[in-house]
Amino acid sequence: MTFYLTILHLQSPCPENNASFLSRITFWWMTGLMITGYRHPLTNEDLWDLNEKDKAYEVAPLITTEWNKEMRKMKHRDSYSGTLYLFFQVSSSPSLALALLRAFGGTFFFGGFLKFLHDCLVFVSPQLLRELIRFTANKDEPVWSGYLWAALMFLSAIVQSLILHQYFHRCFVTGMRLRTAIISIVYRKSLKLNSIAKRQSTVGEIVNLMSVDAQRFMDLTTYLHMIWSAPFQIAVCMYFLWDTLGPSVLAGLGILILMIPINAYLSMKIRQLQVRQMKLKDERIKLMNEVLNGIKVLKLYAWEKSFIRKISGIREKEIKLLKSTAMLAAASSFAWSCAPFLVALCTFSAYVLSGNELTAEKAFVGLSLFNVLRFPIMMFPNVITNVIQASVSIKRLSAFLKYDELDPNNVHDIMPPAHDDSAVLINDGTFTWGGNDESTCLKKINLRIRKGSLVAIVGHVGSGKSSLLSSILGEMQKVEGRVHVQGSVAYVPQQAWIQNATLKNNVLFASEYSPRYERIIEACALEEDLEMLPAGDSTEIGEKGINLSGGQKQRVSLARAVFSDADIFLLDDPLSAVDAHVGKHIFKHVIGPNGELKNKTRLLVTHTLGFLPQVDQVVVIDNGVISEVGTYAELLAKKGSFSEFVTTFTNTEMNKLQEEHHSDLTELKEIEKSMDLTRADSVSSLVSRIDSLKQSKLSLNDDKVAVMKQVQELNEKKKLIEGEKSETGRVRLGVYLKYAKSLGYVQALLVTFFAAATQISSVGTNVWLADWSSNPNASSPVIRDRYLGIYGAIGAAQALFQLCSSFCLAYTTLTAAYHLHSIMLDRIMRSPMSFFDTTPLGRIVNRFSKDIYIIDEILPVIIRSCFMCVFSVSSTIIIICVSTPIFLAIIPPLVIMYFFTQRFYIATSRQLKRIESVSRSPIYSHFGETLQGVATIRAYKVQTDFINATDEKIDKNQMAYYPSISSNRWLATRLEFLGNCIVLFASLFAVIGRNSLPPGIVGLSVSYALQITQTLNWLVRMSSELETNIVSVERIKEYTEIHTEAAWDVPDSKPDSDWPTEGIISLENYKVRYRENLDLVLKGINCKIASGEKIGIVGRTGAGKSSLTLALFRILEAAEGNISIDGIDISTIGLHDLRSRLTIIPQDPVLFAGTIRMNLDPFDIFTDEEVWYALECAHLKGFVVGLDKKLDNEVAEGGENLSAGQRQLICLARALLRKTKVLILDEATAAVDMETDDLIQATIRTQFANCTVLTIAHRLNTIMDSTRVLVLDAGRIIEFDTPSVLMSDPESAFYAMAKDAGLV
């Protein structure tokens, strides 16, 4: 499926593969890209290809194989019972963690070995410091030994750095592979989910698994080895401390042991909160996804505020939980941050109180060991938290991966020998969608379809027609019976599934181009449409076919099926959305006995009676049971339910036509005489004629205003969906100010103050310790107690400031996160429809999932680390300079080297992060598109092509991520070299000035220098992480500044609460265009519609019918002129005041996940009695009463557990509830059978008798009883009179349309 795959630039191979050993350990192979990134902002073309072993097609099979092994263990366990079951239960539960470990453990465990070597080297530096202090204290030591210790310290630090970053690189690569594996396996699983599993997991939840949960695994791999490394470092540290300070160290050990249960309790509480918070995140993303899918309906019904409240309510709960989690994490962090000082305080106190003298050697070797202890102690709780988060993610992923899949035995592809001439055979089939929706089941189905036959499937709304096709596809749960399907299948769903690709690629789908293509385009009546599109069949179609009309989408879907050249065609009412004679054209040239598919097996679900005489067999379904099967003539002769329906329908329709057309009585009598129902042929011709009247629409094609809009908007451009913008260069100061403003300037200053005070207190304790250890009289009890008391007091102040800093930061960052989400949500909901037409939903969802996650959970940690590093580095430099002033001489060159290294790195790193962010959205967009069309994808058996497309999108994303993590290592090796130089110079200056420096000052200076290596690296890493992650704020800021539509409420211009009371509509010189600088689509409309009039709006393609409706709701704003309703200019009032007082029944019925009641009345304005009455008038009461929970019955995401007709009837019930004075109908009955259509038309006539009704006429017969008909042409009114007057004038445009539609 080459058309669908992202066409990647031919990338050059990664230079790492051919790099030398020295280049690999120093990451020199990255330098070329770093220079390129410094010279100009990086683009996709600058990136290297991903290493083969890191590509999705290599990684995905590894995890799939291992997970399948785990699943086999579960099936093996399930085969045991009794005692054996209990014995195997624990060991045989499928473990995703084990599967991941087996698949990717090799690289990870080698990284662990490198970590072990590094940990051993860490303890060399304190021993060398001991020797250096001894050297400065003992003036008789030869000078060369001092230089030797300094050189060895430098060499030890260099080797440590190189080993550490090889370890980190392997961990990051493992994390990258884990993310690829998780996204791949989740995508593959989603293609196999059965109907029950699909309901249990929404698009939002699965996107979270791909984004948030996969990210957590990446975060975890970096420091997972700390689980064993931290206890190992603590144990070795304790050994050396015992060697230095003796049994006194046990006092410090007691503090560490006391910390463990405290931290364990806090970790447990954090885990519980994490689980709850992830559920809320899923719920929020799921709702956001639905809102974006149904945004047009929300705007037409003025429901935005209701949904903003719902989303904000979930967000408030989420932030509340995040704050609780952050406070507990701050308490845990405070406990561990204080631990090194408390250990030092208790150890030194025990040491001096037991009669020992605290010398500089003892104090600073001990202090440097406590500093070694600080990292594992501080990291351990973070690792525990990450493990907790990952365990939550493991559970969620495992639960998803264990969902039931489609049973391949639902359908057998080998036909029994006795039925070799059959294409489809169902024996005693009983099917269900699962859950409690028993009303949608099929019961005791027996059906045989011969090869090459044309079979029509008819029945009322919700009777199970679409379900029958789904059972043949294997989409339904088979309770009993057997289904045999012989041959390949093509499927045209009732709601066409269109990809975000060119129209040509939508038709070709998984096939290669062949000359048949042009013939099929003509047969499916798409030629004229191609002429209208800006780039013909190369025009890009937006998400969900946004720039095609309903009929065009259906015809593209049909063309796709025909081009596939399958053996069996399942056609789910493809003619409902097209005009009458377009329908005839398609039936004649595609579906019918002489059509393109004449030798193929065709199952056609239809509400169109006129085609039934031409089919080989009619299958009648009633309440999930096949009630009758036979030819059209046989069923009429039977005089069963089908015959009764046809007769009733014929009589009703003819009476209606008599009234509508005022036809002469003679013709009617002849028609009545011809209605001898024993003669099937006369009924056939009669029904055929009625059907032509009934199905007539007014032009060869649907109303293609949506396409005209695109033609005008884009002129000669092919692309509709705009590429996602990616900023270049430095993150602007405005982004930081936006975030600081969200934090609150006072709160930001307060956080800075507490962070600075914490570091000053920390330095104070060490300076005091240096003074203490250098005082020869410190052993006297009075002086000793004074030193000890002040040492403890400064430490207590440090702990207090640390606690205040953590709490203050947690509170302010989450308040800012809530504020940014609220502004973005408000802006998105207030955006005009043009924004949603040109922006993929996956891109918007990405902002609400990944970017909000970074602001919620990642940025606070980075900000805290930045503060800590900045103040730590500053204090280290100051202390070394004060201790050895000669050090000032080497600061300028070090600062210059540091500055250039940092600028080199940040320029590249920042742009790589941006490219990675932008390339992430297509993964989610493609995924959402796949889920919507999963039935079609499975029917055509093109899962492999879609999996390949996803793999390529993942690889494109990882192409930016891999150099990003490698650039971190490139930076770290160079910065740590600078840090090691600081250690070298601090040691050398201590050796040079040993005659003037007391040992305490040497100890203080060098022990701080030993810390700076990692701190300096962390400072640049964190400042870069801040800049790369603040990109999320930049991306959200972009969406908080998009252009919005007019105000929802204008307090100074609010209409009366009962407005409009009359429904008088007046248009004066009204002109409108879709966007600035585009041509007008309505060109000076002048008309007045009286109260209670029923107006039919007709016109050729692009005449402006839909534009007029959109203008009434101010989806389009006037370029000139005005519209007034009951004397009020609609442009002067708020959009919600306007839209909530008008009612529309749209062409596409949109429902939201929630209860039936919520879908009818999201604001809870109406009583249950009113809701039931609306359902009764909409002919849905019987259906809802039959449901378990009645009004509280759950509607699946997108209303998937209801038929298309039932969804349309719920939209009618919405309109009946609102009962405004003005009603607009836009082909509201396309998805319902004719009998239901009649009921709906009757309901509208009675319930809206006193209302002004505007009907965009897609079927001319629906507006023949209108008060007046408004005929539009090229944006102008050309006729506006009663139907009888217009029909009496053979020269009128309306008469010509009626003639085209077969009404005259």
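Note: hydrogens, waters and symmetry copies are ignored here, and every other heavy atom, side chains too, is used.
- Around the OH atom of Tyr745, the shell of radius 6.0 Å holds more than 12 heavy atoms that belong to other residues, nucleotides or ligands.
- At a cut-off of 3.5 Å, with distance as the only test, no side-chain donor of Gln277 or Lys317 sits close to an acceptor on the other residue.
- Every residue meeting the ring pair (Phe, Tyr, Trp, His ring centres under 6.0 Å) condition with Tyr38, not counting sequence neighbours, appears here in chain and number order: Phe904.
- A salt bridge links Glu1034 with Arg914; the closest basic N to acidic carboxylate O contact falls under 4.0 Å.
- The pair Asp282-Lys286 does not count as a salt bridge, with every side-chain nitrogen at least 4.0 angstrom from each carboxylate oxygen.
- Salt bridge present: Glu1038 and Arg847 bring a charged side-chain N and a carboxylate O closer than 4.0 Å.
- Listed by chain and residue number, Phe1152 satisfy the ring pair (Phe, Tyr, Trp, His ring centres under 6.0 Å) test with Phe307 (two or more places apart in sequence, or in another chain).
- Under the 30°/60° scheme for interplanar angles, the aromatic rings of Phe172 and Phe168 are found to be tilted.
- Gln272 meets the side-chain hydrogen bond (donor to acceptor under 3.5 Å, both in side chains) test with no other residue; sequence neighbours excluded.
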Check residues 323-332 and write down every donor-acceptor pair under 3.5 Å in which the side-chain atom is one partner and the other belongs to a residue at least two apart or another chain.
from: Ser324; atom 1: OG; to: Lys320; atom 2: O; distance (Å): 3.1
from: Thr325; atom 1: OG1; to: Leu321; atom 2: O; distance (Å): 2.8
from: Ser332; atom 1: OG; to: Asn263; atom 2: OD1; distance (Å): 2.5

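- Judged by distance alone, the side chains of Tyr818 and Glu316 do bring a donor and an acceptor atom under 3.5 Å apart.
- The side chain to side chain contact (heavy atoms under 4.5 Å, CB included) check on Val870 picks up Ser874, Leu1019, with sequence neighbours excluded.
- A search for salt bridge (charged side-chain N to carboxylate O under 4.0 Å, His left out) contacts involving Glu283 returns nothing, not counting sequence neighbours.
- Between His821 and Phe848, the ring planes lie perpendicular to each other; the angle is over 60°, past the 30° to 60° tilted range.
- A salt bridge links Arg216 to Glu857: at least one charged side-chain nitrogen sits closer than 4.0 Å to a carboxylate oxygen.
- For the pair Lys305 and Asp826, the salt-bridge criterion is not met [side-chain N within less than 4.0 Å of a carboxylate O].
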